[in-house]
Amino acid sequence: MIARDGSCISLWQDTAEEYQTQNNELKKSFDVAIVGGGITGITTALQLQKAGKNCVVFEAYNLCFGTTGGTTAHLNTLLDNPYNIIINKFGKENAQLVAQSTKDSIELIRSNIEEYNIDCGFQNASAYLYAQDDKQVKELEDIHDACREVNVKAVYQENLPINIDYKKVMRVDGQAKFHPVKYVHALAKAFEEIGGVILQQCRVLDIKENGIINIVTEKGNFQSQYLIYATHIPTGINLLHLRCAPYRSYAMAVTLKNKNYPEDLFYDMYDPYHYIRSQQIKDQTYLIVGAEDHKTGHIENTDECFSKLEAYVKKYFDVDEVVNKWSSQYFEPADALPYIGHLPGHKENILVATGYGGNGMTYSHVAALTLKSIVLNEDNPYIKLYDPNRIKPVAGFVSFLSHNADVARMFVGKWFTHEKLKELEDIAPGEGKVVRFEGETIALHKDKEGKLHALKPTCTHMKCSVAWNNAEQSWDCPCHGARYNISGYVVTGPANMQLQKIEVKELLESTKH
Ligand code: FES
């Protein structure tokens, strides 16, 4: 099993072994340094190493520790932010480019699997989008028409091949699914075999941009011509933190008594929507269902999200056993497209890929193709299309502003109730609360053995107050999505420093005086 950024165990981490690096001779100077060992980092590293660049990947934990280990791994040209929205914001030609980039992405995955003979359960599939009321039918028709405008072949279909009520159904072929961790581990091996270097358990602590980039890590100092943040959101304080909103989504892998596993990918049209697919791993097939998305840090009782999801799955499927349930984080961009390219406010050789929304697996390879072209100085229309410095269409700022209004509330600390420490005994084992005590605000967690862990709840990124995530046993920041484990260590950026610890014993003793 691999480790991941939460206490719930995903199907992927449960069915993969930790990646063992091949200990390539440790150089100190590279052409390209990539921060983050998820699907974006490893795919980009392999692309560049194959093109003759010397690359290093720094990963703070283990490969696939972040969202790659928690995705549900749908490979789509049918996107979460539909093409009618993209046409509206960026025009038809650009929307056609977006569609082409997603096709190129899936093609690159296919060719990697073939070239490296990767056993990752990759399977072609169709996507079904289904409307369940009149309003959704209208939306579905708009999406259908827009798909056809951007050359994504959508067709109406009489029946939905799963037992869920529907009013209208649309199908898009040419999608796919796979085991993301097995895929990434195979690419990592291929990358190392041609001289690439992977350093796991190696957090990047500081970056100094002076033409050549000096990188300070837990395993020493390095130099590089380029640096790519493939950390899902870059560390530090950046414009992109205002243009991306962090969300959590919930997933469940179950076995079915009737073994009637659907082969394809299914999406309803609620907000948040439900997504359904299956995956065979060795001799066992699993049904994977996801939903219940919410902004990170905005729901305290995250267990309830799993309860609702389980009720949904059991309503429509003949569930035998719930094998895994887990949640994962994604970043929604302000204007419907990811940010891939030069990191705003930094030197030209600092690059980033973020804001994938719910299509991270697909956009990871769009990022790899785009970033490769930037580093190699190749012409590529995706460079302009996904440029993080692009001027937003005005409409993009609506969600941007409403998200940042939430962020402002977090700073003044009025979102979550602060309870008195006298209620400390009310905290059940496994629970956490932000409490007030002697004029101090404390993030307090009681572990399963009843031991208390106390931290300053002030996020080390930009000082918002963190909130407890019951399901994943983590402290989550509602502002830009940083997450910390119960000991206060960062498990998800953009924060780079741990929460300040408070000695619980001292704190209790101080009440006696
Ligand atoms: Fe930005 Fe916490 S992640 S303030």
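We use all heavy atoms of the structure for the numbers below, so side chains are in, but hydrogens, waters and symmetry mates are not. Read the numbers this way: they start at 1 and go in the same order the structure lists the ligands and their atoms.
Ranked by closest heavy atom to atom 4 (S) of ligand 1, the top entry among His241, Arg483, Met462 is Met462.
Tested against Gln47, the residues Leu108, Ile42, Val375 include a single side chain to side chain contact (heavy atoms under 4.5 Å, CB included) partner, Leu108.
Here Tyr250 and His294 bring their ring centres to under 6.0 angstrom of each other.
Atoms of ligand 1 lying under 4.0 Å from any heavy atom of Ala482, numbered from 1 in the order shown and given with element: 3 (S). Short contacts between ligand 1 and Cys464, defined as distances under 4.0 Å to a heavy atom of the residue, involve ligand atoms 4 (S).
Atom 1 (Fe) of ligand 1 lies closest to atom ND1 when only the N/O/S atoms of His480 are considered.
At least one donor-acceptor pair under 3.5 Å links the side chain of Asn496 to the backbone N or O of Val204.
Within the coordination shell of atom 2 (Fe) of ligand 1, defined by N, O or S atoms under 2.8 Å, Cys477 is present. When distances to atom 2 (Fe) of ligand 1 are checked against a cut-off of 2.8 Å, His461 contributes no N, O or S atom below that limit.
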Give the table of side-chain donor-acceptor pairs shorter than 3.5 Å for residues 348-360, with sequence neighbours excluded, one pair per line with atom names and distance.
unit_1 : atom_1 : unit_2 : atom_2 : d
Asn349 : ND2    : Gly211 : O      : 2.7
Asn349 : ND2    : Gln225 : O      : 2.9
Thr354 : OG1    : His232 : O      : 2.2
Tyr356 : OH     : Thr40  : OG1    : 2.8
Asn359 : OD1    : Asp80  : N      : 2.9

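The side chain to side chain donor-acceptor pair (under 3.5 Å) test applied to Tyr247 returns no partner, not counting sequence neighbours.
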